[in-house]
Structure formats: structure tokens, C-alpha cells
Amino acid sequence: MGTFLISSINIALPAIEKSFELNAIALSWVITAFLVATGIFLLPVGKWGDISGNARLFKGGLIVFTLASLLCAVSPSGLWLIVARFVQGVGAAFTNTTGQAILVAGFPPRNRGQVLGISVSSVYAGLATGPFIGGFLTQALGWQSLFYVAVVLGVLSTIIAFVFLEEDSSNNNTDKKIDFRGALFFVLGLVALVYGSSHIPSVYGWGLMSFGIVMLVLFWVIESRLTNPMFETRLFTQNKLFSFSNLAALVNYTATSAIVFFLSLYLQKIQGLTPRDAGAIIIAQPVMMALFSPVVGRLSDKIQPRYFATLGMAMCSLGLFAMSFFTSATPLWVIILVLIWEGLGFAFFSSPNMSTIMGSVDKNRYGQASGIASSMRIFGQIVGMTIVTFFFAFHFGNNAVTAVNDNVFLTAMKWGFVTFALISVVGIYFSFTRGNVKRD
């Protein structure tokens, strides 16, 4: 449900831009607001889930997500839509964090890779169907229809959760406090960092981003001094397997999260495709993810996950470099081949990496581990969109995407993909040197 909406909204961005007459930076906030809200709430929800039970929070998240989807569908302005997307991101934070913890707690360690592989596959099934179905719905019924579909899916998911998802067994975690002081610094830092990026290259933008970095550093210092923190820095400083796996995830999602955003605009603006046809092209990447993630997840239960993850990271790096060479004359079959390659790389990386993260902590920390892992994904997506916003602000100014020259857009996209490819190369190191998983 969530990933279907995420991928379909990317295809609908040109239609949303036209409907509300948004400039390029405001348009990026339709995506970024969702990510920021999710990023803000992932860590406290992970801690809260370990304290009060994950199933209860999962159900609450479904309700919030569904109601917010309705608000998005009836949005009368771009600002209203961005605010509703923020609320939707809050609901997504509750389901993303608790969902992984519920799965891992329900199966023995020997099946962890397979279970998470199936979970990742369902995520990518949403990503795979989103561009094509979303493009068709946008073209036939308007972008609002995507959110109405999300409402229907949300209602069905909520009913299924309340009927079949049992409440958690008694929790032995005696810590009943959430560090709200640290959470405040975290929220201030994250919001200032992301919002500041939309005002680059002005002094105001750089000042906001600098303030955000200082707040996040203070957040780390505060959490490292607490006995029972919301964010356990000791998992990073004392658990190399956990820390390097999360850093690899952060790098991977930073590098790959903006692919659909860039390509949906590129295929419609530069290649002249309809939303439906653009979705049919982009679907190549998530289809590979959905098909191969369960297979790789099962294999990672028998072979050390770092080998699969490292191969996947290397494949993603090469694919991103290839995308930096896309021009107005690039044949569609070349674009599809690169997306297939990128999808395979991500399938090799994702489920083995998540299996490693969840296998590196004890059961009482599944909620926090899942929350931190989900945070790495969201933080990576936020950083990725921040980089996109930077290039948009630098090259486009306050102009809409449709108003800028094609060559200007291609230049921004080229340097964006070069930047992402270089970032991805760094992740190869973290992925390979993390160490081996101990088998139970």
C-alpha cells in the first residue's frame, strides 16, 4: 500500500505541478514532506514499540495513513497537499517501524532472511505496480485517484490487521521512558537540514543547514550519555555488524531513492512520454526487485549476507553512472536495460542487509533495530531528495520543471546521478567490511 503510493506519486508529479502551478522546489516538497515526517517519528516509534507493543502501533499507523490519504485526495491547494503528505508520513512511520519487528519476532532466526525477503518482495511489488497503474490512473482520472485508491487499500489493510494481527505477548523491557529532549533536537536538526536545502545557495539556506547539522550532533551527544536512550548510539559504537550494515543501507538509499523522481520527469519532459508510458518504463526496476528479493533472501540464510549485499551495491553504483549519460536521444530499450540492472542490484542488497541488521541485536531491541533500519532508509531518501533539491535550486531557481530548458534539466540530472554514483561507491566498503553473521 505504502510503496504503491510512493512510486505512483512520482509519476503524477508533472500533473500535480500543473494542477497547483508549483515551482520545482515546491514540487519536490510533495515527496520530501512525507519523508521528513516519517524520518521524525521512526526512532521514537521504534522505542515506543519495544515498550508498549508493536501490533497496537501498527494498527494505529494504518488508520492515520488512511485518513491522511483522503485529505490528500481532496486537497484544494499545493500547501494543503504538502501538509496532508506530512500527516501521511506520520502514519507510514508507525507501520514501517513496527511491521519489520512484528515479522522478525514471529519466526525463528534460521528463517529470518527468507521472511524478510518475502517482505521486501511485497514492498517492491507495490513499487512495481505503482508507476504503471499510477500512470494509467493519472492519465485517465487525474492524480487525485491515486489517493482514493490508497484510501481503499488502507481500509482493507486496517480491517485485516484488526481481525488477524494478535496483540504482542508480554514485554520484558522495563524501560518505560522515551527521551523527548533528544527527540526535540532530532526534529529541529532534521527539519532545518531539509528545509535549508530548498533555499540554497542563499546564506539563509546554508545557515539553516549548518544549524541542522549542529542540532543532530547535539542529539547524538545527548543520546550517548543516557542509560536508556531513544537512539542507542552504543549499537553503532560497539556493534560493527549493526553499524556498518546500517551505514551501507543509508548510503544505498541515498544513492538510489531519487531514481524514480528524476526519471519520471525525464521520461515525460525530455522523452515526451505520457504518464502511463513513463510508468511502463520505470516498472522494469521494481519488477526485478520483487522477483529476486525472496530468492536472495533465502540464499542469504545459507551464505554470508555481506557477499550478496556487496555485489548489489557495486551493481547499483554502475547503474547510476550509466544513468548520468542519459540524453534526449537515449533509446528507450537502453533505459529499460539500465533499470533492470539497477533493480537486480537492489534485490541483491536489500533483504540480506536487513537480515544482517535484525540478526545483530537481541529480541528486546527488535523494535529499535527496525526503527533505526527504517530510519536509515528514510534518512537516505531525505538526503537523496535534498541533493535533488540542491541541484534544482542551483540550476532552475524558482522556475517550474516544465519551464526550464531541456538542456538545463539534463545537466541537473546528469550531475545528480554522478553524485549518487560516487556516494554509492562508498557503500561498497561498509557492505564488505561489516563482518559475518553468527548463525544460531
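Contact check for Phe391 versus Thr411: no side-chain heavy atoms found under the 4.5 Å cut-off. Side-chain atoms of Ser424 and Met313, non-hydrogen and from C-beta on, do get closer than 4.5 Å to each other. When side chains are defined from C-beta on, Ile387 counts as touching Ile423, because their heavy atoms get closer than 4.5 Å. Residues Arg85 and Cys72 meet the side-chain proximity criterion, which asks for heavy atoms closer than 4.5 Å. Under the 4.5 Å side-chain criterion, counting only non-hydrogen atoms from C-beta, Met215 is not in contact with Leu184. Looking at heavy atoms from C-beta onward, Val74 lies in side-chain contact with Tyr148 at the 4.5 angstrom threshold. For the pair Val296 and Phe349, the minimum side-chain heavy-atom distance is 4.5 Å or more. Using a 4.5 Å heavy-atom cutoff, the side chains of Ser243 and Thr237 are not in contact.
For Trp220, the CH2 atom counts as densely surrounded, since its 6.0 Å shell holds more than 12 non-hydrogen atoms of other residues, nucleotides or ligands.
The backbone N or O of Leu153 sits less than 3.5 Å from a side-chain atom of Ser157, completing a donor-acceptor pair. Side chain of Ser224 to backbone of Val221: a donor-acceptor contact under 3.5 angstrom is found. In this structure a side-chain-to-backbone donor-acceptor pair under 3.5 Å is missing from Ser431 to Gly427. Side-chain N or O atoms of Lys240 include none that pairs as donor or acceptor with a backbone N or O of Ser245 at under 3.5 Å.
Checked options Leu267, Leu410, Val338; the residue passing with Phe326 is Val338 (criterion: side chain to side chain contact (heavy atoms under 4.5 Å, CB included)). Each of Asn252, Asn246, Thr254 was scored for a side chain to side chain contact (heavy atoms under 4.5 Å, CB included) with Leu250, with one residue passing: Thr254.
Taking every heavy atom of both residues into account, Leu339 and Ala284 meet most closely at CB-CB, 4.1 Å. When all heavy atoms of Leu265 and Pro14 are compared, the closest pair comes out as CD2-CG, 3.9 Å. Contact between Leu62 and Ala161 at its shortest, heavy atoms only, is CD1-CB, 3.6 Å. Across all non-hydrogen atoms, the minimal contact from Gly134 to Leu146 is CA-CD2, 3.5 Å. Summarising the geometry of Phe41 relative to Ala93, their closest heavy-atom pair is CB-CB, 3.7 Å, with the distance given to 0.1 Å. Scanning all heavy atoms of the two residues, the minimum distance from Val151 to Thr66 falls at O-CG2, 3.7 Å.
Between the CE atom of Met413 and the CG atom of Leu263 there is a distance of 6.5 Å, given to the nearest 0.5 Å. Trp415 contributes atom CH2, which lies 8.5 Å from atom OG of Ser324 (distance to the nearest 0.5 angstrom). Put simply, CD1 on Ile428 and OG on Ser317 are 4.0 Å apart, with the number rounded to the nearest 0.5 Å. Distance check, rounded to the nearest 0.5 Å: CZ of Phe409 to CZ of Phe262 gives 6.5 Å. Taking CZ of Phe308 as the reference point, atom CG of Leu299 lies at 4.5 Å (rounded to 0.5 Å). Taken to the nearest 0.5 Å, the CG atom of Leu27 stands 8.5 Å off from the CG atom of Asn23.
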Pair Lys59-Thr158, side chain to side chain contact (heavy atoms under 4.5 Å, CB included): steps then yes or no: CA-CA 7 Å; Lys59 295 171 183 176; Thr158 303; over 6 Å; no
Verdict with supporting geometry, Phe65 and Thr95, side chain to side chain contact (heavy atoms under 4.5 Å, CB included): CA-CA 9 Å; Phe65 187 94; Thr95 57; 5.6 Å; no
Criterion side chain to side chain contact (heavy atoms under 4.5 Å, CB included) on Phe162 and Ile63, from CA distance to verdict: CA-CA 11 Å; Phe162 274 89; Ile63 295 173; 4.1 Å; yes
Worked check of side chain to side chain contact (heavy atoms under 4.5 Å, CB included) between Val251 and Val425: CA-CA 9 Å; Val251 169; Val425 169; over 6 Å; no
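A donor-acceptor pair shorter than 3.5 Å can be found between the side chains of Ser69 and Gln88. Side-chain atoms of Arg434 and Asn353 form a donor-acceptor pair, as typed in the model, at a separation below 3.5 Å.
In this view, Leu344 and Met288, Phe292, Met315, Ile340 satisfy the side-chain contact (heavy atoms from CB on, under 4.5 Å) rule, not counting sequence neighbours.
For an aromatic pair to be called close, the ring centres must be under 6.0 Å apart, and Phe34 with Phe86 fails this. Between Trp143 and Phe20, the distance from one ring center to the other falls under 6.0 angstrom. Ring-centre distance between Phe236 and Phe242: below the 6.0 Å cut-off. Tyr253 and Phe346 have their aromatic ring centers within a separation under 6.0 angstrom.
The aromatic rings of Phe430 and Phe244 lie perpendicular to each other, with more than 60° between the two planes, well past the 30° mark.
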